[in-house]
Engineer: 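Before I ask anything, here is the structure I am working with.
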Amino acid sequence: MLVYMIVWSLFDSGEGAYQRTINHYFKGALDNYSLGIDKLHKGNNFINVNLADYNAIFGDDTLFDTLDKLPKPDIILASPPCESWSVASAMKGGNSCYVWNTGELIMRTDASMTINNDHSPFKHIPWKVMYTRVNGELCAYNTVRIIQRYQPKYWVIENPYSSHIWLYLEHYHGFKGYLNQAHYGAYSDDFPKKPTGFMSNVKLVLRKMPKGAKSKFKIGCDKDDRKQIRDYNKRSDIPELLVKDILDQLISKDHTCRKLPQDKTEGLLQFVTDIFE
């Protein structure tokens with residue numbers, strides 16, 4: 001019996017790295033459903049659903065009503081927004097959203113955002129910080145709820161390796177896994193080094209650049225001649241070969257069979273042929 005797997009790609013609505021990789025390397029073998037909202041309104045090859053939705057408390061369960069209609073996933077890939085968890089907006093004791101030097105995630109006060117933080121892009125807009133923080137927590141927690149509700153065989157959550165989303169998930173929701181590290185620059189010269197965590201329910205062996213090595217691209221404004229990535233969607237993109245590496249490893253761990261729909265047979269046969277050539 002031929003085998004194929006269902007993939008849900010959460011927050012895959014910008015550059016669509018998961019969808020793009022599956023179309024390129026796994027056509028017919030993996031059936032992908034990308035979900036999310038494109039804040040730049042540049043893409044449309046995804047199911048438009050708000051993954052930060054909290055309207056269930058008002059009796060509107062649109063998020064899970066939508067997901068319940070999809071085929072049950074074998075794999076869930078998720079790239080929740082990292083802004084609220086990142087050290088990119090570093091401030092004393094934490095970042096613009098939280099103070100975390102005590103080992104806890106403590107909401108930063110409006111006053112602490114505007115005192116002695118001349119280098120922060122959030123200095124005079126505490127409302128934006130609050131919305132960013134709330135959005136980050138909702139996206140992270142809904143990712144956990146989705147994984148727990150649909151029980152995929154494999155799940156992978158992507159965020160910067162230094163992100164405090166890992167602390168949030170484990171400390172506040174008891175949700176943890178193997179934190180596998182990869183460097184984007186080890187997979188493509190068109191990406192910065194970008195040490196990134198891919199937390200999963202299985203161990204993955206991913207590539208990293210040699211110590212001290214520099215990529216040809218960067219994020220930020222250091223004074224050197226490397227190309228900079230400024231576009232939000234581009235900064236959120238993931239190298240195809242990295243996504244392929246992750247999916248190859250997940251597929252290799254799977255020993256179960258699912259009946260293949262008739263319209264998938266030709267694509268999967270080509271996929272199997274390509275693997276063994």
Side-chain angles (χ1 to χ4, degrees), residues 3-38 40 42-47 51 70-71 73-82 143 146-147 152-161 180-202 204-209 215 217 229 231-254 258 260 264 266-277:
V3 180
Y4 89 111
M5 303 176 80
I6 301 294
V7 180
W8 288 5
S9 299
L10 311 183
F11 310 97
D12 192 38
S13 47
E15 289 296 300
Y18 298 132
Q19 177 75 69
R20 196 174 68 238
T21 303
I22 289 170
N23 287 344
H24 191 175
Y25 294 104
F26 301 95
K27 191 172 183 179
L30 300 178
D31 207 358
N32 181 66
Y33 296 83
S34 291
L35 303 108
I37 296 174
D38 180 8
L40 299 184
K42 292 183 176 181
N44 56 17
N45 191 25
F46 58 91
I47 298 170
L51 293 167
L70 301 179
D74 299 293
I75 299 171
I76 289 180
L77 307 174
S79 292
C82 67
T143 297
I146 290 168
I147 291 171
K153 298 171 189 175
Y154 309 109
W155 53 264
V156 182
I157 301 173
E158 174 270 334
N159 236 242
Y161 192 70
N180 308 287
Q181 184 182 151
H183 292 166
Y184 284 14
Y187 287 89
S188 171
D189 288 339
D190 294 329
F191 284 81
K193 183 177 182 179
K194 199 173 182 181
T196 302
F198 290 86
M199 190 170 78
S200 177
N201 60 329
V202 295
L204 301 168
V205 180
L206 305 174
R207 298 182 208 164
K208 295 187 282 291
M209 295 174 66
S215 61
F217 282 76
I229 300 175
D231 181 90
Y232 178 85
N233 284 352
K234 289 290 185 183
R235 286 190 285 112
S236 303
D237 200 10
I238 306 173
E240 284 189 17
L241 288 178
L242 172 50
V243 178
K244 180 180 183 296
D245 192 6
I246 291 170
L247 289 171
D248 280 337
Q249 291 186 50
L250 297 182
I251 290 171
S252 71
K253 295 176 184 296
D254 190 71
R258 176 186 288 209
L260 188 72
K264 302 292 181 183
E266 183 178 346
L268 182 56
L269 286 174
Q270 183 61 53
F271 168 71
V272 172
T273 301
D274 292 342
I275 285 179
F276 289 101
E277 278 186 347

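Quantities reported herein were computed from a predicted structural model and do not represent experimental measurements.
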Engineer: Got Asn32 and Leu77 here, is their nearest side-chain heavy-atom distance under 4.5 Å?
Structural biologist: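 A side-chain contact under 4.5 Å is absent here.
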Engineer: What residue among Ile147, Val156, Thr143, Ile157 forms side-chain contact (heavy atoms from CB on, under 4.5 Å) with Ile76?
Structural biologist: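 Passing option: Ile147.
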Engineer: Please report the C-alpha distance between Tyr154 and Asn201 in whole Å, then the side-chain angles of each, then the deciding distance to 0.1 Å, and finally whether the side chain to side chain contact (heavy atoms under 4.5 Å, CB included) criterion is met.
Structural biologist: CA-CA 6 Å; Tyr154 309 109; Asn201 60 329; 4.1 Å; yes
Engineer: Determine the minimum heavy-atom distance between Ala182 and Tyr187, stating which atoms define it.
Structural biologist: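 Taking every non-hydrogen atom into account, CB-CE1, 4.3 Å.
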Engineer: Is Asp74 reaching over with its side chain to a backbone N or O of Ile6, donor-acceptor style, under 3.5 angstrom?
Structural biologist: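 Indeed, once roles are kept as given, a pair shorter than 3.5 Å links the two residues.
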Engineer: Quick check: closest heavy atoms across Met5 and Ile251, and the distance to 0.1 Å?
Structural biologist: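 Minimum heavy-atom separation between Met5 and Ile251: SD-CG1, 4.2 Å.
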Engineer: Is there a donor-acceptor pair under 3.5 Å between the side chain of Asp12 and the backbone N or O of Gln19?
Structural biologist: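 Checked: pair present.
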Engineer: Has Ser200 got a side-chain atom pairing as donor or acceptor with Trp155's backbone, closer than 3.5 angstrom?
Structural biologist: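 Answer holds: yes.
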Engineer: So, for Ser79 and Ile238, which heavy atoms are closest and what is the spacing to 0.1 Å?
Structural biologist: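 What the structure gives for the nearest pair is OG-CD1, 3.8 Å.
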Engineer: Taking the side chain as everything from C-beta on, heavy atoms only, tell me whether Val243 gets closer than 4.5 Å to Phe198.
Structural biologist: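 The answer is no, as the side chains (C-beta and beyond) never meet within the 4.5 Å cut-off.
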Engineer: Would you say Gln249's side chain and Val205's backbone share a donor-acceptor pair under 3.5 angstrom?
Structural biologist: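 It does hold such a pair.
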Engineer: Could you tell me whether the side chain of Pro73 reaches within less than 4.5 Å of the side chain of Tyr33, counting heavy atoms only?
Structural biologist: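 Answer no - side chains too far apart.
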Engineer: Parallel under 30°, tilted from 30 to 60°, perpendicular over 60°: which one fits the rings of Tyr184 and Phe191?
Structural biologist: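 Perpendicular.
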Engineer: Under a 4.5 Å cut-off applied to non-hydrogen side-chain atoms, are Ile146 and Leu51 in contact?
Structural biologist: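 A side-chain contact under 4.5 Å exists here.
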Engineer: Going from CG on Asp254 to NZ on Lys153, what distance comes out if it is rounded to the nearest 0.5 angstrom?
Structural biologist: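 NZ of Lys153 is found 4.0 Å from CG of Asp254.
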Engineer: Nearest 0.5 Å please: distance from the CG atom of Asp245 over to the CG atom of Leu250.
Structural biologist: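 The distance works out to 9.5 Å.
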Engineer: Kindly give the heavy-atom pair with the smallest separation between Trp8 and Leu35, and that separation in Å.
Structural biologist: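 Minimum heavy-atom contact is CB-CD1, 4.3 Å.
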Engineer: Taking the side chain as everything from C-beta on, heavy atoms only, tell me whether Asn159 gets closer than 4.5 Å to Pro80.
Structural biologist: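 Yes, their side chains come closer than 4.5 Å.
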Engineer: Check the pair Leu242 / Thr196 against side chain to side chain contact (heavy atoms under 4.5 Å, CB included), numbers first and verdict last.
Structural biologist: CA-CA 11 Å; Leu242 172 50; Thr196 302; 5.9 Å; no
Engineer: For Tyr18 and Ser9, work out which heavy atoms get closest and say how close.
Structural biologist: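 Looks like CB-OG, 3.2 Å.
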Engineer: Which atoms form the tightest heavy-atom contact between His183 and Met209, and what is the distance?
Structural biologist: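 For His183 and Met209, the tightest heavy-atom pair comes out as ND1-N, 2.8 Å.
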Engineer: Can you tell me how far the CD1 atom of Ile22 sits from the CD1 atom of Ile75, to the nearest 0.5 Å?
Structural biologist: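 With rounding to 0.5 Å, CD1 (Ile22) is 7.5 Å from CD1 (Ile75).
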Engineer: Strictly distance-based, threshold 3.5 Å: is any side-chain N or O of Asn180 a donor or acceptor partner for the main-chain N or O of Leu204?
Structural biologist: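 Judged by distance alone, yes, a pair lies under 3.5 Å.
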Engineer: Check step by step if side chain to side chain contact (heavy atoms under 4.5 Å, CB included) holds for Arg20 and Asp237.
Structural biologist: CA-CA 11 Å; Arg20 196 174 68 238; Asp237 200 10; 3.2 Å; yes
